[in-house]
Amino acid sequence: MELDLTAVKTAFSHYSGETADEEGSGREALCGALCVQCARLVQGQMRPGLTEEEFSLWKSSLEELAGAEAFYQLLLTEEAVTPQSLTAGELKLTEGGRSEKAALLAAEKRKAASPALLETAFYFGRVGKEEEHVSAE
């Protein structure tokens with residue numbers, strides 16, 4: 001069961017406005033490589049016992065998740081090589097929190113595809129019946 005890379009690239013282009021073509025310019029090649037990488041990442045996170053029927057139900061959600069993850073990775077890459085702000089005289093330009101918003105998008109897409117994914121979260125707390133507390137008056 002594999003994700004359709006064209007659908008992942010389409011979702012990525014929808015979120016980012018970028019073209020993801022491995023044989024295009026350097027930036028397009030980067031976008032295409034991120035789409036391939038994130039598609040593989042999402043495929044690796046799919047539940048092992050996922051049937052073909054279940055996969056077909058969640059396939060588009062998984063492809064959208066991969067596209068959103070690729071968009072997030074692109075923004076992280078950009079932020080790593082560009083300054084957060086630029087000052088020229090009295091004018092100061094500050095880059096907004098685009099990667100934080102992209103992370104929220106990816107998290108929402110992950111929630112939408114969660115029935116098809118392995119559960120990786122860990123709950124640390126007490127499970128069981130709470131005892132009644134008696135207050136001294």
Side-chain angles (χ1 to χ4, degrees):
M1 293 180 281
E2 290 193 19
L3 300 180
D4 180 7
L5 194 54
T6 303
V8 172
K9 289 179 180 181
T10 300
F12 169 80
S13 294
H14 177 73
Y15 302 135
S16 67
E18 301 273 346
T19 304
D21 181 15
E22 287 116 13
E23 298 175 15
S25 68
R27 184 162 179 91
E28 290 174 346
L30 171 64
C31 294
L34 288 172
C35 286
V36 170
Q37 176 188 12
C38 290
R40 287 184 185 148
L41 177 74
V42 170
Q43 280 180 203
Q45 295 173 348
M46 290 185 334
R47 281 190 295 120
L50 198 66
T51 65
E52 285 287 337
E53 185 178 317
E54 291 172 323
F55 177 70
S56 66
L57 288 173
W58 298 106
K59 185 178 180 196
S60 64
S61 294
L62 293 166
E63 292 162 347
E64 288 180 19
L65 170 59
E69 287 286 349
F71 176 48
Y72 176 57
Q73 293 298 320
L74 176 67
L75 292 179
L76 288 179
T77 304
E78 285 178 349
E79 288 178 4
V81 296
T82 58
Q84 288 295 94
S85 64
L86 178 66
T87 305
E90 292 182 22
L91 180 65
K92 182 176 181 177
L93 298 174
T94 304
E95 185 70 30
R98 293 179 63 207
S99 65
E100 290 86 6
K101 292 175 184 171
L104 290 173
L105 172 68
E108 287 300 314
K109 295 301 178 183
R110 182 167 300 283
K111 283 180 191 176
S114 65
L117 299 171
L118 287 171
E119 181 61 48
T120 58
F122 178 75
Y123 173 74
F124 183 78
R126 182 177 174 173
V127 178
K129 185 177 177 183
E130 286 290 321
E131 295 179 20
E132 288 187 36
H133 296 289
V134 179
S135 61
E137 290 186 37

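Numbers here are sequence positions counted from 1. This structure is a prediction, so every number in the text was calculated from the model and none was measured.
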Partners meeting salt bridge (charged side-chain N to carboxylate O under 4.0 Å, His left out) with Lys111 (sequence neighbours left out): Glu108
query: Are Leu5 and Lys9 close enough that some pair of their side-chain heavy atoms sits under 4.5 Å apart?
result: yes
Per-pair distances, 0.1 Å, donor-acceptor, side chain in residues 62-75, under 3.5 Å, sequence neighbours excluded:
from: Glu63; atom 1: OE2; to: Asp4; atom 2: N; distance (Å): 3.0
from: Glu64; atom 1: OE1; to: Lys109; atom 2: NZ; distance (Å): 3.0
from: Glu69; atom 1: OE2; to: Arg110; atom 2: NH2; distance (Å): 3.1

message: Are Leu57 and Leu50 connected into the same hydrophobic cluster when the rule is that any two of I, L, V, M, F, W, Y join if their side-chain heavy atoms are below 4.5 Å apart?
response: yes
message: So, using side chain to side chain donor-acceptor pair (under 3.5 Å) as the criterion, who are the partners of Ser56 when residues are at least two apart?
response: none
field: salt bridge (Lys or Arg N to Asp or Glu O under 4.0 Å) pairs, two or more places apart, involving residues 33-54
entry: Arg47-Glu54
- request: Please answer: with hydrophobic residues joined when any side-chain heavy atoms are less than 4.5 Å apart, are Leu41 and Met1 in the same cluster?
  value: no
- prompt: Are any non-hydrogen side-chain atoms of Met46 and Phe55 less than 4.5 angstrom apart?
  reply: yes
task: Considering non-hydrogen atoms only, spot the tightest contact between Trp58 and Ala112 and give its length.
output: CZ3-O, 3.2 Å
Just list the side-chain donor-acceptor pairs under 3.5 Å for residues 27-39, sequence neighbours left out, or say none.
from: Arg27; atom 1: NE; to: Glu18; atom 2: OE1; distance (Å): 3.0
from: Arg27; atom 1: NE; to: Glu18; atom 2: OE2; distance (Å): 3.2
from: Arg27; atom 1: NH1; to: Glu78; atom 2: OE2; distance (Å): 3.1
from: Arg27; atom 1: NH2; to: Glu18; atom 2: OE2; distance (Å): 2.9
from: Arg27; atom 1: NH2; to: Glu78; atom 2: OE2; distance (Å): 2.2
from: Glu28; atom 1: OE1; to: Ser25; atom 2: N; distance (Å): 3.1

